[in-house]
Every structure is written in structure tokens, then in C-alpha cells.
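Report on the following structure.
Chain identifiers are assigned alphabetically (A, B, ...) following the order of the sequence lines, protein sequences preceding nucleic acid strands; residue numbering begins at 1 within each chain.
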Amino acid sequence: MSDINDKLIIIIKDALVKAFNYEDKSNMIMIETPSDISHGDYSTNCAMRLAKILHNAPINIADRLTDEFKKNDLFTKVEVVKPGFINFFIKKDSMTNSLKDILNEKDKYGSSDFGKQEKVMVEYVSANPTGDLHLGHARGAAYGDALTRILKFTGYDVLREYYVNDAGHQIDVLANSLFERYKQILNLPFEEANIGYQGKDVINLAQGIVDKDGNKWVNADIEEREEYFKNVGINLELDKIKKDLALYRVSFDNFTSERSLYKRGLVSNTIECLKKAGYTYTQDGALWLRTTDFKDDKDRVLIKSDGSYTYLVPDIAYHKDKFDRGYTHLINLFGADHHGYIARLKAGIKILGYNPDNLEVEIVQMVRIMEGDKEVKMSKRTGNAITIRELCEDVGVDAARYFFLCKPLDSHFDFDLELARKQSSENPIYYIQYAYARMMSILKKDDSYEIKDYYPLLTKDKEIELIKVLSEFKNELINISKNKDVNSLTNYCYKLSSLFHSYYTEEKVLVEDNIALSKERLALIKACSITLKNALNLLGIEAKEKM
RNA sequence: GGCCCUGUAGCUCAGUUGGAUAGAGCAACAGCCUUCUAAGCUGUGGGUCAGGCGUUCGAGUCGCCUCAGGGUCACCA
């Protein structure tokens, strides 16, 4: 509650009531931190925004509000500028008041109940269990993981979910490949043409079955055998995926299998519901869904003329199930190549009577892998797409995650392996981790800071600036939860680190002959380290105590 | 052709839900270690925010048009 942002908003609302008898209910009041310090510690443009509502010129509104503000002893000065900005200059030791909360809340600092425990399900990665995760998945994986951490921290009840496409054609191909390899290992005749997945991993899987079961499946019941080979294939592929994700520090609460949707009858049930809703028709022997009624470019097939379902049906069923499980807000991370898919999915949701606005789809734009100025398409070692595992081993998990998280999702992104590999100043991840290591090395020497309401000896501009940045942290996280722009958090880390490095070279924290000053500065450094560590934790990046 | 994304310093990109004189890093140049970690700091130069029109007190940000690049348009998953 001692957050300066919140405090200012309350003061402004109060002044609006006193000066204009106006009660602000919409969120018209915004606090900004001017880039130019001569414009005050904080400023607001509310006089301009409220001009129409209050039927008054911005300057007049600002003036009358400022008369109220001047009665408050939080400020050393309040000024009105040009069109109607109000600039607040705050007493320095009042600014230091926010350190207390940081030092008390520690690893909880920055958390809030903003989300009011709304049930949110975030689905990401959801790669088919038919091979290794490659770099196309890495961006969405890092992003989804960081986003869910932030959503939890800001008070949402979050479920992290991975949808396993284990019912489609690709799994048949995997199972068949596995069976052919199985026969091959047993020196039985086999069909090279049926081996859709040429990878070594399939051979290893087949060897595993031979080791365990010998030739028992050669003459087994076909259905039983197919089921078994599918399960083996899926489980082992999924295990690999889970291991790679764990290495990359990405985890999930739940894996939902497409086949389980069929087994639970949700898919056929969805067909019935869609039919009942009256948006289906038969044409050319197929069953169609009239998605064009909901902004799709063309109608979509639900049941093909050969009687099998298209991918769309289980997917609509899956999203219906998400809502039915009690989640009021769904967030999906889709690759850019799936963007055309959103309209038909939302149409299905709408037809089934759910609100498509409660499904928020974030598009993960393309990633190009670069080595300097050359694009790298394939791994040199394996000749296949570069996997997440290779990336982590190559550049390290921290650098990999940082690079994927530091750009907005909707921008095309060139991942420069050379730069990420560099352990030097060119690589921003080390800049941030180095800042943390420097903070810790001071605190290791001396951590005799005190927790108190005000720190009157912290009067340097850089000290006040640092405190300002620290006190923005909670709001920063709330904004990220609202806007889903995780990259702002990497920017925040960079800003805080940069300010700290600058302060570090300018002022000594431990001043030999001034214990009182040292103690206050230590409190500031402690607060910096708490905030930076919390931020890095949310990004899934290690805060190293030593470098 | 329809839809989605992008266009900001030589290069890679930020840009606080429309705010005050558009910012970082790299690269270039000039400085700073007997002092808590120099993977750091300080300073200098560098811009028609692709282009145009509009919306208003105010536009890199919102709307429309043009140009350029990327992606995507299955009875595949």
C-alpha cells in the first residue's frame, strides 16, 4: 500500500472530489515517470484526459488540482506545465519509504492479487510426439513458461497445459515405422517403404521392444499390437520431450492426450452438439461446419467423405473441455503458421455457446537461426533441425531463454548463435547476471542493513532513481499480465542492472568511516538484489551469486 | 488475390496501453582499475520513426492508402 503509484492515484482521486466533486470510476488517472527528471519524479496527464468530462480547460483543471496537492506534505513541489501536465516532485526521504516493503516481502516482492485467482489455462508447445523439440518450439516454450510464472505471481490460478496430438496420421506412421524396425532387428522381412520416420531414435525404440518382449508381437493380434506400438512410441517420444523441456526449465501441470478425448466420447459428443446447433450440412459426402458465419473465409470439413474426422473436431472438443473444466480464460500460444486456424476454432467455440473472446491466441512469430549473418537451417552435427537440447548445450539455458524472451512475440526474430555463445559484454544476459553477482559480493561482505520506514541518508540522484525503478516492479508485472508482453520484464532487468552498474562505479556502498550511511546503502542494495532475483526467477534465468 | 506479422541510428532492436527534446546494445573514437568483481563505468558522433493523408491540445504509437520484406491460405496434423 505504500507503493507510490497507488498513493498518488488516491491523492489525485481525492483532489478531484474536493475540487470538482467528481468521482473517477473509469481508469482515467495514469501516473507516468517522465524520462526527463526536470519534469518531476512523477507526472500525470489526467487534467487533459478529463477536460471533456469536466467541461473545463486542462490548464484550469490542473491548477485547481494542484492547489489541493500543495496541502500534502509528500511533495516538495507540484507544477503545472503547458497543455496541462501536472508534475510531482516528491520529498526524497518519502521515496525511500518503499524500501521497507521490499525488504520485508523478500521473494514475494512484486506479487499481487491482481488476478483475483481467476482460473486461466495456458496451452503452449503442444508439439507432436514424433520427434525432438526444435528451435521453432523454443520461443513459445520459453515465453509460455515465463508468462505462466508471471500470471501466478500476479494472482491468477494458472494451469500449464500441453496438448498431445497422438491420434492422427503421424502417430500411425510412427507406430508403423517402429514395427518395421522391430521386424528388421529380428531379421524378419520388412517394408522399407513403411518407415516414415527414418530417425535413429525409432531404431532405438524398436530395439527396446525387442529387448523386453522378444518376437512376441510378430504374430500378435493386429489391433492389440498397433495399440501397443503406438503407446510405446508416444510414451518414449513424450519422455524425451519432457526431459528436454526440463533441461530448458519449462514445465507443465498437465498433458492432455488427443486420444483420451476420443476415449471419453468428447469428440463424437462435439459433433452432436455442432449438429444440434444447426451449423452443419452435408456436401460431397462430407460433413461441413458453416464457419463462414463467423468471419472464416470458407466452411470447414468436420467428417471427411471417408468417414474420418478432420483435426478440427477433436480440437473444438478439446477447447470445449477446457471451458467445461472451469477455466474462464484460455490463452493459447500458436505458431505463426497456424494463424489461419484461429477463426475456425473460435467459430466452433461460439457455435457451442461459449464466448470466443475468452480464448486469447498469441501468435509466436517465426524464428530464424543465424550464425553471424548466415542463416542456419540444419544442425551441422545431425543434419536435422537444431533441437532445444543442442541449443541449451551450445549457448546455455540462461542465454537461450533470455534471447527468446527479450523480443516481443509478434516480431520476427533472428536468433544469433554467435552472439548468444559469447561470454562477453556484447551479450546482455551476462550484463544482468553480473549486476546481481556484484550486489551479492557486497552483501557477502556485510549484510547489516536495517529495515525502517525512511532512509534519510539516501539522497544521491542515482539512489532515488534506483528506488523509483524498484518501486515500479509490481505495476510492471501487472501490466505484463494484462498485455502479455513478457519482453518488458527483460527490459526491466536490463534497466535495473544498468542503473546499478552506474551507481556502483560512482558511489561506494561500504563507506569506511560512515557506518550509518553504509547501512542505508546496504538496505538499498539488498532491495535491488531481491527485486532483480525475483525478476530473473520469473524469467526462469538463474541469478548467479558469483561470476 | 484474401488474411496475419514486420519496416525506428551503419548493424541488432527497445519504445511505459496517444505525452514533453525518439532510446539502448554492438560497431567507431576519447577517457576511467593502490578503493565493495573492468563480463563494469563516463563522454562524443550518428535519425525525413518506409512514404502519404487523416483523427486532436499532442502521433513512432490510432484509422485509411501506397511501397517493401516474411508467413499462411487442405476432405494434412
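Among the nucleotides B:A39, B:A20, B:C76, the one closest to any side-chain atom of A:Phe85 is B:A20. Of the candidates B:U16, B:G40, B:U17, the closest approach to any side-chain atom of A:Asn479 belongs to B:U16. Relative to the side chain of A:Arg438, the nucleotides B:G40, B:A20, B:G15 differ in distance, and B:G40 lies closest. Closest contact between the side chain of A:Asn487 and the listed nucleotides B:C41, B:G15, B:C76 involves B:G15. When distances are taken from the side chain of A:Tyr434 to each of B:A14, B:G70, B:A38, the shortest belongs to B:A38. Checking B:A24, B:U37, B:U21 against the side-chain heavy atoms of A:Tyr494 singles out B:A24 as nearest. In this structure, the nucleotide among B:A77, B:C75, B:U42 sitting nearest to the side chain of A:Tyr341 is B:A77. For A:Pro83, whose side chain is taken as the heavy atoms from C-beta onward, the closest listed nucleotide among B:A14, B:G19, B:A74 is B:G19. With B:A14, B:C5, B:A24 as the candidates, the nucleotide lying closest to the side chain of A:Gln365 is B:C5. Checking B:A14, B:U6, B:A77 against the side-chain heavy atoms of A:Pro408 singles out B:A14 as nearest.
Taking 4.0 angstrom as the limit, A:Ser502 places a side-chain polar atom (N or O) nearer than this to OP1 or OP2 of B:U42. Taking 4.0 angstrom as the limit, A:Ser411 places a side-chain polar atom (N or O) nearer than this to OP1 or OP2 of B:A14. A:Tyr430 has no side-chain polar atom (N or O) that falls below the 4.0 Å cut-off from OP1 or OP2 of B:G25.
Salt bridge status for A:Lys460 with A:Glu465: absent, with no side-chain N to carboxylate O gap under 4.0 Å. Using a 4.0 Å cut-off between charged side-chain N and carboxylate O, A:Asp446 and A:Lys519 make no salt bridge. For A:Lys544 and A:Asp398, the salt-bridge test passes: some basic side-chain N is under 4.0 Å from an acidic carboxylate O. Using a 4.0 Å cut-off between a side-chain N of Lys or Arg and a carboxylate O of Asp or Glu, A:Asp6 and A:Lys474 qualify as a salt bridge. Salt-bridge check for A:Glu463 with A:Arg521: passed, with a basic side-chain N closer than 4.0 Å to an acidic carboxylate O. A salt bridge links A:Glu472 with A:Lys495: at least one charged nitrogen is closer than 4.0 Å to a carboxylate oxygen. Salt-bridge annotation for A:Asp166 and A:Lys230: absent, with no side-chain N of the basic residue lying under 4.0 Å from a carboxylate O of the acidic one. In this structure, A:Asp447 does not pair ionically with A:Lys526, as no charged nitrogen and carboxylate oxygen lie closer than 4.0 Å.
The base of B:C3 is paired with the side chain of A:His339 by a donor and an acceptor separated by under 3.5 Å. Counting atom types as modelled, A:Ser35 pairs no side-chain N or O with a base atom of B:A22 as donor and acceptor under 3.5 Å. The base of B:G2 has none of its N or O atoms less than 3.5 Å from a complementary donor or acceptor on the side chain of A:Asp297.
Among the heavy atoms of the strands lying under 4.0 Å from A:Ser305 is at least one base atom, whether or not backbone atoms are also near. Backbone-only contact: A:Asn128 has heavy atoms under 4.0 Å from sugar-phosphate atoms and none from a base. Note on A:Glu507: a base of the nucleic acid sits closer than 4.0 angstrom, heavy atoms only. Residue A:Asn491 is in sugar-phosphate contact alone, with no base atom involved, counting any heavy-atom pair closer than 4.0 Å across all strands shown. Note on A:Asn87: a base of the nucleic acid sits closer than 4.0 angstrom, heavy atoms only. When heavy atoms are screened at a 4.0 angstrom cut-off, A:Pro58 is found touching no nucleic acid atom at all. A:His501 comes within 4.0 angstrom of sugar-phosphate atoms only, judged by non-hydrogen atoms across all strands, and of no base. Within 4.0 Å (heavy atoms only), A:Lys298 reaches sugar-phosphate atoms of the nucleic acid but no base atom. Using a 4.0 Å heavy-atom cutoff across all strands shown, A:Ser488 reaches no nucleic acid atom at all. Base contact: A:Lys546 has a heavy atom under 4.0 Å from a base atom. In this structure, A:Ile363 reaches neither bases nor backbone, as no heavy-atom distance under 4.0 Å exists between it and the strands shown. Note on A:Asn45: a base of the nucleic acid sits closer than 4.0 angstrom, heavy atoms only.
Stacking of A:Arg438 on the aromatic ring of A:Tyr504 is recorded, both the 6.0 Å distance cut-off and the 45° axial limit being met. Cation-pi geometry between A:Arg368 and A:Phe415 is not met at under 6.0 angstrom from the ring centre and within 45 degrees of the axis. Taking the ring centre of A:Tyr503 as origin, the terminal cationic atom of A:Lys462 falls outside the region bounded by 6.0 Å and 45° from the ring axis.
Between A:Arg300 atom CZ and B:A74 atom C1' the separation is 9 Å, expressed in whole Å. The distance from atom CE of A:Met370 to atom P of B:G70 is 13 Å, rounded to the nearest whole Å. To the nearest angstrom, P of B:U12 lies 14 Å from CD of A:Glu375. When the P atom of B:A20 is taken as reference, atom CD1 of A:Ile86 falls 17 Å away, rounded to whole Å. Between the CD1 atom of A:Ile480 and the P atom of B:U17 there is a distance of 13 Å, given to the nearest Å.
Stems are defined here as 3 or more consecutive Watson-Crick or G-U wobble pairs with pairing distances under 3.5 Å; those involving RNA chain B are B:1-7 with B:67-73, B:10-13 with B:23-26, B:28-32 with B:40-44, B:50-54 with B:62-66.
Taking atom C1' in both B:C73 and B:C13, the straight-line distance is 30 Å, to the nearest Å.
Nearer to the 5' terminus of RNA chain B, by closest-nucleotide assignment, is the contact made by A:Thr33 (compared with the other of A:Ser441 and A:Thr33). Both A:Lys445 and A:Tyr309 lie close to RNA chain B; mapped to their nearest nucleotides by heavy-atom distance, the more 5′-ward contact belongs to A:Lys445.
Here B:C33 is in the syn range [glycosidic angle within 90° of 0].
Between A:Phe413 and A:Phe404, the angle of the ring planes goes over 60°, which puts this pair in the perpendicular group of the 30/60° scheme. Ring geometry, A:Tyr156 versus A:Phe114: the interplanar angle exceeds 60°, so the pair is classed perpendicular (tilted spans 30 to 60°).
No aromatic stack links A:His412 and the base of B:G71, using centre distance under 5.5 Å and interplanar angle under 30°.
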Distances under 3.5 Å between nitrogen or oxygen atoms of protein and nucleotides 32-35 of chain B:
| residue | atom | partner | partner atom | Å |
| --- | --- | --- | --- | --- |
| B:U35 | O2' | A:Lys508 | NZ | 2.5 |

